[in-house]
Amino acid sequence: METLEFQAESRQLLQLMVHSLYSNKDIFLRELISNASDALDKLKLEAYRNKDLDADTADLHIQLEADAEARTLTVRDNGIGMSRDDVIDLIGTIAKSGTAELLRKLKETKDSTASADLIGQFGVGFYSSFMVADKVTLVTRRAGESQGTRWESTGEGTYTIDEVEDAPVGTAVTLHLKPEDADDHLYDYTADWKLKEIVQRYSDFITWPVRLGDETVNSMKALWARSKDDATEQEYHEFYKHISHDWTDPLETIQLRAEGTFEYQALLFIPSHAPLDLYMRDSKRGVQLYVKRVFIMDDCEALMPEYLRFVKGVVDAQDLSLNVSREILQQDRQIQLMRRRLVKKVLSTVKAMQSTEPEKYATFWKEFGPAVKEGLVNDADNRETLLEISSFASTHDAEKPTTLREYVERMKDGQEHIYYLTGASRSMIEHSPHMEAFQAKGYEVLVLTDAVDEMWVESVTGFEGKNFQSIAKGQVDLDSDEEKKEADEQQKDFAGLLGWMGETLSEQVKEVRLSSRLTTSPACIVGDANDVSPTLEKMYRAMGQEMPQIKRILELNPDHELVSGLRKAHEERKDDPALAETAEILYGMALLAEGGELSDPPRFMRLLAGRLAAAM
């Protein structure tokens with residue numbers, strides 16, 4: 001026998017689970033039955049694929065065994081079972097992305113109810129046993145192996161593990177139950193009536209028999225095969241929790257049935273909150289795939305694009321081979337057809353939600369908007385629909401996002417572009433020099449602060465005939481005819497200064513010109529119309545892609561006293577070295593104003609301090 005310590009993150013989560021004030025402790029049984037059901041699915045599939053596997057699949061089931069005198073409850077299955085290494089990997093650690101993020105949020109959350117909700121979102125199924133048990137014993141043997149394993153823990157930070165000679169194939173989890181305590185929502189989990197109530201409420205749809213004594217206590221009807229009229233919302237919600245290991249109800253349920261040459265049924269769910277690992281590289285994605293009610297695989301990526309990786313559910317096909325692999329599925333024509341139909345169904349559901357249930361849509365977009373916008377980059381077939389269901393922050397309303405259609409309806413007469421600006425935060429964008437003329441003249445600008453925004457604006461040309469235009473790129477044409485005449489005159493007056501500054505700053509910029517987008521700031525930096533943005537350039541470099549240095553354009557505000565003063569000084573004393581320093585400071589100020597990085601901060605500070613001292 002060995003005594004081992006839980007992984008540090010597992011230990012912390014375990015303690016949070018043990019001491020959780022989560023009121024609905026009944027769900028521990030749902031989690032254990034769900035794990036047992038998965039084990040039965042896997043054995044059925046493994047036995048099909050490996051004819052030499054030594055496993056009896058004639059009567060696959062889940063057995064509940066209660067002992068009122070000993071105060072124990074055992075959940076037993078004759079499924080795939082676990083090896084010793086499996087037990088250590090799956091029980092001794094939580095091998096799931098987002099653990100660190102969960103712990104960080106839990107530390108920040110002082111409210112115990114909120115903490116319990118976070119734990120529930122993480123979906124730590126097996127660990128929920130410790131809400132109702134002082135000690136948990138697990139005995140298991142993997143199909144095809146001769147040696148069994150026994151695991152035991154009181155949930156205090158360590159566990160013991162040793163070999164068992166006569167363990168049957170499958171897994172048995174025995175809970176040594178805590179005393180009954182109605183105030184703490186701890187009920188008598190050895191009572192038949194209580195166990196039946198929990199199974200029928202949370203696990204009725206499990207496709208394997210759940211037995212208590214000799215009685216099967218669940219209906220075993222595959223929920224996705226039933227009509228909407230033959231299932232309740234509660235049943236759908238519990239099925240979602242079963243497949244997602246989420247403890248909260250889904251935001252939306254989507255049912256789809258395709259008949260004809262290629263038949264399949266799908267039951268999909270949009271969660272009510274984003275999983276903690278949504279934006280992590282190793283996050284799981286995809287839905288469960290069944291063929292004629294036989295489980296084939298979890299997380300079938302071929303059925304759902306990455307930008308819809310939060311969608312959970314089941315797809316049951318009638319005509320696929322049971323012996324398919326992930327590699328084969330990627331190329332299968334029928335799978336591709338199913339995927340296209342499923343994607344369109346999810347997007348049309350969101351579109352309907354947007355028009356008929358705006359509050360629900362607002363929740364959806366808040367939780368999953370950045371992920372959905374990834375589709376604007378890599379799903380050209382559905383780009384128009386994605387643009388329609390997307391929402392964006394804008395200068396029109398500081399609190400309420402806008403759709404593109406609403407933006408277009410508010411556009412000024414003669415306005416040809418949908419204006420936007422990308423940046424790290426709303427505050428930075430709102431205070432950007434690039435915004436000055438747009439704010440002064442009442443033009444609405446989309447405020448894009450998600451990392452993916454830098455990508456999709458380069459891929460999408462426009463919406464309903466209106467092109468997207470960054471207000472930090474190219475020339476801006478907001479001036480009236482009178483203002484344009486005045487600008488032409490100023491261009492002549494400033495020609496000498498612009499040419500000199502262009503030469504002086506030739507290492508940093510490709511051009512120096514007068515600006516029509518500034519009203520209060522002395523200068524700003526803009527890109528050419530087709531230039532890659534600085535943020536995107538930085539992202540490419542971070543990914544190891546070689547990027548040529550992209551010089552940008554320095555624009556000056558001719559009405560600012562610093563710029564007009566520099567013009568006058570240049571006319572009077574062209575050879576004064578202090579003027580070149582002032583030009584360099586002006587460029588540095590423009591770079592900082594947009595959130596850029598100085599190439600030589602100490603030099604900038606020396607120049608700025610010197611000029612300030614000279615002005616005293």
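For the numbers below, each heavy atom of this structure counts, side chains included, while hydrogens, waters and symmetry mates do not.
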Looking at [X] and [Y], what are the two nearest heavy atoms and their distance?
| X | Y | answer |
| --- | --- | --- |
| Trp247 | Arg30 | CD1-NH2, 3.3 Å |
| Pro433 | Leu518 | O-CD2, 3.4 Å |
| Pro558 | Ser515 | CD-O, 4.1 Å |
| Ser244 | Lys312 | CB-CG, 4.1 Å |

task: Look at the rings of Phe239 and Phe269 and say which category their plane angle falls in: under 30° parallel, 30 to 60° tilted, over 60° perpendicular.
output: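 Because their plane-to-plane angle lies in the 30° to 60° range, the rings of Phe239 and Phe269 count as tilted.
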field: Parallel, tilted or perpendicular: ring planes of Phe392 versus Trp365, cut at 30 and 60 degrees
entry: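 The rings of Phe392 and Trp365 stand perpendicular, inter-plane angle above 60°.
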Side-chain contact, heavy-atom cut-off 4.5 Å: [X] with [Y]?
| X | Y | value |
| --- | --- | --- |
| Leu446 | Thr402 | yes |
| Glu238 | Ser203 | no |
| Thr422 | Ser470 | no |
| Leu303 | Ile335 | yes |
| Leu404 | Glu464 | no |
| Leu591 | Gln508 | no |
| Phe368 | Ile270 | yes |
| Phe438 | Val476 | yes |

- request: Could you check Glu235 against Lys221 for salt bridge (Lys or Arg N to Asp or Glu O under 4.0 Å), going step by step and ending with a plain yes or no?
  value: CA-CA 11 Å; Glu235 286 177 307; Lys221 292 180 181 175; over 6 Å; no
Compute whether any side-chain donor of one residue and acceptor of the other, for [X] and [Y], lie under 3.5 angstrom apart.
| X | Y | answer |
| --- | --- | --- |
| Tyr264 | Gln334 | no |
| Thr248 | Asp246 | yes |
| Arg383 | Ser459 | no |

- prompt: Checking side chain to side chain donor-acceptor pair (under 3.5 Å) against Ser432, which of Glu430, His434, Glu436 comes through?
  reply: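 When Glu430, His434, Glu436 are each tested with Ser432, the side chain to side chain donor-acceptor pair (under 3.5 Å) holds only for His434.
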Would you call [X] and [Y] a salt bridge, taking side-chain N to carboxylate O under 4.0 Å as the test?
| X | Y | value |
| --- | --- | --- |
| Glu252 | Lys345 | no |
| Glu406 | Lys400 | no |
| Arg340 | Asp381 | no |
| Arg309 | Glu374 | yes |

message: Working note: Glu388 + Phe463, criterion side-chain contact (heavy atoms from CB on, under 4.5 Å); need CA distance, chi angles, decisive distance, verdict.
response: CA-CA 9 Å; Glu388 287 181 8; Phe463 176 77; 4.0 Å; yes
query: Is the CD atom of Glu458 crowded by more than 12 outside heavy atoms at less than 6.0 Å?
result: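 Enclosed: over 12 neighbouring heavy atoms sit under 6.0 Å from CD of Glu458.
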Check for a donor-acceptor pair, side chain of [X] on one end and backbone N or O of [Y] on the other, with a separation under 3.5 Å.
| X | Y | value |
| --- | --- | --- |
| Asp230 | Ser227 | no |
| Thr207 | Ala222 | no |
| Glu367 | Ala274 | yes |
| Gln255 | Arg226 | yes |
| Arg517 | Ile471 | yes |

About how many Å separate [atom2] of [Y] and [atom1] of [X], when rounded to the nearest 0.5 Å?
| X | Y | atom1 | atom2 | value |
| --- | --- | --- | --- | --- |
| Thr403 | Leu387 | OG1 | CG | 11.0 Å |
| Leu448 | Leu421 | CG | CG | 8.0 Å |
| Leu562 | Met589 | CG | CE | 6.0 Å |

query: Do Lys241's NZ or CZ and the ring of Tyr202 fall within the cation-pi criteria of under 6.0 Å and 45°?
result: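 Judged by the rule (NZ or CZ under 6.0 Å from the ring centre, within 45° of its axis), Lys241 is not positioned above Tyr202.
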field: Partner set under ring-ring contact (aromatic ring centres under 6.0 Å, His included) for Tyr307, not counting sequence neighbours
entry: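 Checked Tyr307 against ring-ring contact (aromatic ring centres under 6.0 Å, His included); zero matches.
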- prompt: Residues two or more places apart in sequence or in another chain: which of them pass ring-ring contact (aromatic ring centres under 6.0 Å, His included) with Phe468?
  reply: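 Once residues adjacent in sequence are excluded, the partners of Phe468 under the ring-ring contact (aromatic ring centres under 6.0 Å, His included) criterion are Trp456.
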task: Show your working on salt bridge (Lys or Arg N to Asp or Glu O under 4.0 Å) between Glu384 and Lys351 and close with a plain yes or no.
output: CA-CA 12 Å; Glu384 287 303 312; Lys351 194 173 180 180; over 6 Å; no
- request: Pick out which of Arg339, Met304, Gln265, Met338 makes a side chain to side chain contact (heavy atoms under 4.5 Å, CB included) with Val315.
  value: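 Option passing the side chain to side chain contact (heavy atoms under 4.5 Å, CB included) with Val315: Met338.
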Residue pair Leu556, Leu586: steps toward the side-chain contact (heavy atoms from CB on, under 4.5 Å) verdict: CA-CA 9 Å; Leu556 304 180; Leu586 199 55; 3.7 Å; yes
